[in-house]
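Notes follow the structure.
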Protein chains: 2
Amino acid sequence: MKQKILLVDDEADALEVLGYNLAKAGYEPILATDGHAALQLARDQRPALVVLDLMLPGMDGLDVCRILRSSPETASLPIIMLTAKAAETDRIVGLEIGADDYVTKPFSPRELLLRIKKLLARTQLTDDPSSHLRVGDLDLDSARHTVLAQGKPVVLTATEFRLLELLLRRRGRVQSRERLLTDVWGYENVIDTRTVDTHMRRLREKLGPSAALLETVRGVGYRCVNPA
Amino acid sequence: MKQKILLVDDEADALEVLGYNLAKAGYEPILATDGHAALQLARDQRPALVVLDLMLPGMDGLDVCRILRSSPETASLPIIMLTAKAAETDRIVGLEIGADDYVTKPFSPRELLLRIKKLLARTQLTDDPSSHLRVGDLDLDSARHTVLAQGKPVVLTATEFRLLELLLRRRGRVQSRERLLTDVWGYENVIDTRTVDTHMRRLREKLGPSAALLETVRGVGYRCVNPA
DNA sequence: CCGGACCGTCACGGGTTTGTCACAATTCCA
DNA sequence: TGGAATTGTGACAAACCCGTGACGGTCCGG
């Protein structure tokens with residue numbers, strides 16, 4: 001599944017070029033030329049990252065940044081700022097506006113791509129390994145040991161819980177049965193790999209419609225999909 | 001009153017930067033570059049939270065973590081671990097070393113700030129050091145060492161009292177038997193985990209109907225429910 | 001020295017969880 | 001299309017987990 005990148009810049013030409021480069025690199029670019037559109041798209045499209053020009057007509061990049069940060073849904077969205085002058089960067093970093101990285105214009109598409117890749121890798125590794133996990137309409141809290149599917153509480157056994165937690169934590173990546181066995185069950189191959197299937201079945205049964213997030217990858221294992 | 005945050009990292013530069021950012025965000029950073037200093041400062045300065053690098057010269061982060069957990073004064077001190085590799089994280093959070101959260105290097109100051117904020121919010125809700133705790137129809141006074149269930153006084157033994165207090169303080173979050181043993185009984189004692197069950201039983205017996213607040217989470221431990 | 005309060009351990013029993021298996025359903029490829 | 005490989009499903013017995021009552025030991029005040 002392609003990762004969505006929201007690009008915000010008021011120069012249509014530059015935007016096109018960036019979008020083209022991102023698409024070529026395997027991302028799914030979403031384009032916006034002003035702050036309001038950007039906020040709307042950030043909410044609706046759930047991009048994995050935002051590239052935000054500092055200079056925008058009307059609401060400028062800093063405002064957009066602040067608003068994104070203030071909403072819990074987008075508070076942890078990685079943001080890369082584009083700035084025209086090197087001098088401006090001091091202001092941004094120094095004042096802790098909330099951007100994760102910045103790139104000074106002019107820059108090569110290659111440079112931006114590198115930064116995007118790096119930032120994505122960084123945030124996806126650390127993305128909420130804390131107690132609270134939210135994927136699609138699933139809510140898992142490992143400290144409380146509770147799970148909500150579509151807002152309604154679901155009672156899971158200890159193993160079911162660990163299994164779901166692991167899949168959610170490593171969402172997007174396929175987990176082989178062997179992998180799941182060693183990571184959920186702990187010990188080595190004392191357990192039949194088919195046991196994983198049985199637990200997946202029980203898990204899906206309890207999760208109801210939300211179980212659609214848990215995919216079977218034939219011949220390989222299971223994975224939790226990354227919702228749009 | 002600013003909240004103190006204890007930062008422990010052996011790289012002085014990184015420490016400075018983090019400290020600067022925390023100060024900017026309204027916290028009062030306390031800096032330490034090795035484990036011994038960290039322990040000393042944790043005792044003397046009473047920080048609200050500790051950010052602990054896993055890699056330290058001499059005593060490493062895990063040791064510090066364990067020692068902090070073993071002393072009743074710092075047992076419930078929130079700890080965020082900094083780790084270089086994502087692979088190490090399983091060991092920390094998964095295996096009950098005792099850290100509350102972890103952040104993988106490299107990270108942006110914003111990421112760490114978010115985590116700190118989140119963890120503080122989480123723990124301050126329940127770890128309120130005030131002497132009077134009220135959950136549901138339970139009333140616990142740490143200073144006076146008295147408990148009221150449905151308004152009527154209940155006589156608890158010392159162990160029962162500490163057990164109840166811990167569960168109430170950390171209400172909502174599941175506490176494993178191991179965790180309860182180290183935090184209520186202290187680490188030097190090698191005590192059977194089933195002992196916890198017995199004390200829970202005695203506690204429930206004395207609390208009568210109010211014992212409904214104390215839930216068993218099968219295969220995991222015990223928790224005090226949060227009456228919304 | 002005795003009795004009681006408190007504590008840690010243990011064995012038992014019931015209910016739940018779990019691993020396994022056989023079989024049905026599905027998917028994939030020849 | 002047909003058959004082989006793979007996965008979903010239902011059932012079941014063993015294993016496990018936890019509540020419970022009982023027991024012995026320690027400590028302390030009378």
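Throughout, a chain's letter reflects where its sequence line sits, starting with A, and its residues are numbered from 1.
Between F161(B) and H145(B), the two ring planes are parallel [angle under 30°; tilted spans 30° to 60°].
Phosphate contact (OP1/OP2 of dC17(D), side-chain N/O of R177(B), threshold under 4.0 Å): absent. For dT6(D), the OP1/OP2 oxygens have no side-chain nitrogen or oxygen of Y222(A) closer than 4.0 Å. Between T159(B) and dC6(C) there is no side-chain N or O to OP1 or OP2 distance below 4.0 Å. Residue W185(B) places at least one side-chain N or O under 4.0 Å from the OP1 or OP2 atom of dG8(C).
Within the 3.5 Å criterion, the main-chain N or O of L168(A) finds a donor-acceptor partner in the side chain of R171(A). Side-chain atoms of D63(B) do not come within 3.5 Å of backbone N or O of M59(B) as any donor-acceptor pair.
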Please output the side-chain donor-acceptor pairs of residues 30-39 of chain B that fall under 3.5 Å, not counting sequence neighbours, one pair per line with the distance.
from   : atom 1 : to     : atom 2 : distance (Å)
D34(B) : OD2    : H36(B) : N      : 3.1
D34(B) : OD2    : A37(B) : N      : 3.3

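Inspection of the D137(A) and S210(A) side chains reveals an N or O donor paired with an N or O acceptor under 3.5 Å. Inspection of the E165(B) and S142(B) side chains reveals an N or O donor paired with an N or O acceptor under 3.5 Å.
L180(A) has its CG atom 15 Å from the P atom of dT18(C), to the nearest Å. Atom CZ in R194(B) sits roughly 12 Å away from atom C1' in dG21(D) (whole-Å rounding). Atom-to-atom, CD1 of I191(A) to C1' of dC21(C) comes out at 15 Å; the value is rounded to the nearest Å. For the pair L156(A) CG and dC17(D) C1', the computed distance is 17 Å after rounding to whole Å. Distance, E215(A) CD to dT27(C) C1': 15 Å, rounded to whole Å. When rounded to the nearest whole Å, the span between CG of D192(B) and C1' of dG19(D) equals 15 Å. Atom CG in L214(A) sits roughly 11 Å away from atom P in dG8(D) (whole-Å rounding).
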Distances for protein N/O vs nucleotides 27-30 of chain D N/O pairs under 3.5 angstrom?
none

Sort me out a list of protein N/O and nucleotides 28-30 of chain C N/O pairs below 3.5 Å, or just none if empty.
none

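Toward the 5′ end of DNA chain D lies the nearest nucleotide of G221(A), the other residue of the pair E205(A) and G221(A) mapping further downstream. In terms of position on DNA chain C, the residue among V155(B) and K206(A) whose nearest nucleotide sits closer to the 5' end is V155(B).
Remark: of the listed residues R162(A), R169(A), R170(A), R170(A) is the sole one forming a salt bridge (Lys or Arg N to Asp or Glu O under 4.0 Å) with D183(A). With respect to R177(A), the side chain to side chain donor-acceptor pair (under 3.5 Å) criterion is satisfied by exactly one of D197(A), D192(A), T195(A): D197(A).
The salt bridge (Lys or Arg N to Asp or Glu O under 4.0 Å) search around E16(A) returns none, not counting sequence neighbours. Every residue meeting the side-chain contact (heavy atoms from CB on, under 4.5 Å) condition with R201(B), not counting sequence neighbours, appears here in chain and number order: E205(B).
Residues of residues 197-204 of chain B that place a heavy atom closer than 4.0 Å to DNA chain C, in numerical order, are T198(B), H199(B), R202(B).
In summary, K206(A) and E160(A) engage in a salt bridge, as defined by a charged side-chain N under 4.0 Å from a carboxylate O.
By the 4.5 Å heavy-atom criterion applied to side chains, I116(A) and L112(A) are counted as neighbours.
In this structure, T195(B) reaches the bases: a heavy-atom distance under 4.0 Å links it to at least one base atom across the strands shown.
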